[in-house]
Amino acid sequence: MSDLATDRKIDRSKMQVSDEVAIEINGMNKWYGAFHVLRDINLTVNQGERIVIAGPSGSGKSTLIRCINRLEEHQQGRIVVDGTELTSDLKNIDKIRSEVGMCFQHFNLFPHLTILENCTLAPIWVRKTPRKEAIETAMHFLEKVKIPEQADKYPGQLSGGQQQRVAIARSLCMKPRIMLFDEPTSALDPEMIKEVLDTMIELAEEGMTMLCVTHEMGFARQVANRVIFMDQGQIVEQNEPEEFFNNPQSERTKLFLSQILGH
Amino acid sequence: MSDVFFVRTEMLQQQAPPSTSVGIVGWMRENLFSGWLNSILTVVSALFIFFVAGGFLSWAVSPTWGATSLTECREILAGHEGACWGVIRDRWVQLLFGFYPSELYWRPILTFVLLAVALAPVLFAEKVPAKLVYFTAAFPFLMPWLLWGGSIWGPLAAAAGFVIGYFVYGAVVKAAGSLAGLIVGVAAALIWWLFLAPVVVDLLSGTVSIGLEAVESRKFGGMMLSITIGIVAIACSLPIGIVLALGRQSDLMILKSLCVGFIEFIRGVPLITLLFVASTLLNIFMPPGTNFDIIMRVIIMATLFASAYMAEVIRGGLAALPKGQYEGADSLGLNYWQAQRLIIMPQALKISIPGIVSTFIGLFKDTTLVSVIGLLDPLGLSNAIRADTDWNGVVWELYGFIALLFFIFCFSMSRYSMYLERKLRTDHQ
């Protein structure tokens, strides 16, 4: 697993981290009923960072990134996205959601709409983009993820890898400043993981701020500028990828790495 | 002695299936004679169908079309078993129109032809000109005017209420936001309907009286009555059902309890009770002297009854939708109503089509219950026809004819729902 499932050369020239803060999380806590699922999370993400969040299942990593666009509600602490604080104010929530793109493990495309309609829906209804312009933007991003010829098909007619690339294109059509990926390759066949990762790498090369929950350690090693390891709802260790993989400090991290890289 | 090593040097081409598994022989082998038990069942079923159909045909093919009374039928049949079709020839018009004045039959006929035109953009959206939808919007005002007659200003004033509400909403939205716009718009329309419209209608009718001859509700009857009640209740129960289903899923405590209470109450009461309430009890609660049309009351009760069932059917569709669809819509920044209208409802309604159409069919057949409160739907009329000494004792022919009429409508609805399901399939095309 240590090698990225791609043979392309990665261009890191544009992957520059700026000083501008994109996401700031301060002392955030979350409970599911009585279960303390996220414990005292503190995390600052700068514009242009590529962060991979790893950890065993049930460690709260998906919940963490789902809190950033409020698919989950946090009960304590502050989350500030692009200068706007997440509160129960619906206007703020919709504003943040339209600035933050998200890709899901199971794609969550809309099966009753064509690929093109999936991509133009939010720009037309949320951004009030004229239809013609929305279609042009959508075709641009579908070309970018290399499936413009599928524009008039329905999601159910596409392979998993193609669907995930459409989901990425759909998010990009909203011109987000931040992209969240929630295990984007976990539901895919090995042959299809590569095409999705290639798309994500391209995105990173263009300087997109990305938070990825993933088990693709090759991707973490070569694309991320920071790897965060979570366990039991807390951040256990974070470091640059090189250091993280070669010289983990915490015993829990060592155990985790030995289990996923050991074979 | 087996060799593990194997390499295919040539890929196999597709071949035709064996002749015993395709064509008529293959079909019969698979569907009728696939084993000894199935073969026996096939033969027994064929014999059963043969005897039933034979018995029915020898009864139905009967030269009694011209008879003018049951006695004459018996003379023609001369002791043989047979149907007495004379009653249908004599009374079919009445079974269709009830006691509607015969010189005005063109009005219900025109109404139902126009109904078909108005339904076309709803049922076959992509096969008819899009502009036709304006006619569909006007039809709810045209239909009661054509059927009941009276001054044209009444329906026009009712329609004007919607126009006024719409423009007030549009004006207020820009100044004070969408919620205020909605409230003020609805209030303006209500003020118009309750206080201004009656005065204006009186004034206009006094000066320019354009209208059709009025027909009273008690003259309505037959299939015409069933279709009128059925169509209006069907058209109203779907949107009310959607709102109730959404209300039941809402996070707002009071709204949710109201919807649950309404649905559970209506589902817990037989339709016939509601109809009795409509026909007798409702008058007690009305101010003395008000004359609230009986058909209108029945339509309201049937609509409420069907919408409670509709709400539960649609809730089933909502529950069947994966949570990811809500999250997908949320993550793109769509607000609640956009997500419902664009993402959730199109899919939930599609899943619920069989249930929705079942409710529609059930509702349409339930319109025959109005005979219990004295309205002359086809079943009520069949009793009235038997009360005539000429046709006293005719049962099967009347019920058979009514059953056939209902079957045509219900079967069409069922076929349409299957067509719609096929059309809306978007996977594996």
Side-chain angles (χ1 to χ4, degrees), chain A residues 62 65-66 68-72 88 90-115 117-128 152-158 163 166-167 170-176 178-182 187, chain B residues 125-126 130 173-174 176-180 182 242 246 250-253 255 314 317-354 356 417 419-429:
Chain A
S62 283
I65 70 164
R66 287 157 62 88
I68 293 172
N69 66 352
R70 204 158 176 112
L71 290 181
E72 306 279 355
S88 52
L90 288 175
K91 278 230 169 76
N92 276 353
I93 294 174
D94 283 340
K95 179 171 174 286
I96 286 171
R97 282 174 178 167
S98 63
E99 303 291 335
V100 179
M102 179 147 192
C103 290
F104 300 87
Q105 182 176 1
H106 296 288
F107 330 133
N108 297 355
L109 293 176
F110 307 130
H112 63 302
L113 300 176
T114 63
I115 300 306
E117 287 166 341
N118 264 283
C119 293
T120 55
L121 184 95
I124 289 174
W125 290 94
V126 180
R127 289 251 192 274
K128 314 287 181 205
D152 292 323
K153 288 196 180 168
Y154 287 95
Q157 298 165 284
L158 268 54
Q163 289 192 46
V166 171
R170 179 176 75 174
S171 298
L172 292 179
C173 283
M174 289 293 279
K175 311 266 173 67
I178 300 161
M179 282 290 290
L180 308 173
F181 291 88
D182 188 0
Chain B
E126 70 281 357
V173 155
K174 277 178 203 141
S178 60
L179 185 66
L182 193 68
I242 291 175
L246 289 178
S250 164
D251 297 330
L252 306 170
M253 219 6 233
L255 184 68
I314 293 168
L318 287 171
L321 222 56
K323 197 162 160 262
Q325 290 295 309
Y326 293 89
E327 291 178 350
D330 283 348
S331 75
L332 287 170
L334 295 168
N335 65 34
Y336 176 80
W337 289 109
Q338 287 172 335
Q340 289 297 340
R341 188 157 64 87
L342 301 167
I343 309 299
I344 306 302
M345 269 307 148
Q347 295 184 67
L349 290 179
K350 184 182 130 188
I351 298 170
S352 324
I353 286 173
I356 290 175
S417 87
Y419 156 81
L420 199 59
E421 277 179 73
R422 260 199 318 278
K423 195 183 82 173
L424 294 179
R425 271 190 63 177
T426 54
D427 50 342
H428 313 299
Q429 277 170 341

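So you know, we letter chains A, B, ... as the sequences are listed, proteins then strands, and number each from 1.
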Counting heavy-atom pairs under 4.5 Å with chain A, which one of B:Asn335, B:Leu334, B:Leu332 comes out on top?
B:Leu332
B:Ile344 and its side chain to side chain contact (heavy atoms under 4.5 Å, CB included) partner, picked from B:Arg341, B:Gln340, B:Gln347:
B:Gln340
A:Lys128 atom NZ: more than 12 heavy-atom contacts under 6.0 Å
yes
Counting only non-hydrogen atoms closer than 4.5 Å, does A:Asp94 touch chain B with its backbone (N, CA, C, O), its side chain (CB onward), both, or neither?
both
Is any side-chain heavy atom of B:Ile314 closer than 4.5 Å to one of B:Met345?
yes
Between A:Phe104 and chain B, with a heavy-atom cut-off of 4.5 Å, which part of the residue counts as in contact: side chain, backbone, both or neither?
side chain
Which atoms of B:Gln338 come close to chain A, meaning under 4.5 Å heavy atom to heavy atom: side chain ones, backbone ones, both, or neither?
side chain
Any chance you could measure A:Leu109, atom CG, to A:Tyr154, atom OH, to the nearest 0.5 Å?
13.5 Å
For A:Arg66, is it the side chain, the backbone, both or neither that has a heavy atom under 4.5 Å from a heavy atom of chain B?
side chain
For B:Lys350, which atoms come within 4.5 Å of any heavy atom of chain A: side chain, backbone, both, or neither?
neither
Contacting region of A:Ile96 [heavy-atom separation from chain B under 4.5 Å]
neither
Heavy-atom pairs under 4.5 Å with chain B: which of A:Arg170, A:Glu99, A:Met102 has the most?
A:Arg170
So, taking the atom named CG in B:Leu424 and the one named CD1 in B:Ile353, what distance separates them when rounded to the nearest 0.5 Å?
5.0 Å
Going from OG on B:Ser331 to CE on A:Met174, what distance comes out if it is rounded to the nearest 0.5 angstrom?
9.5 Å
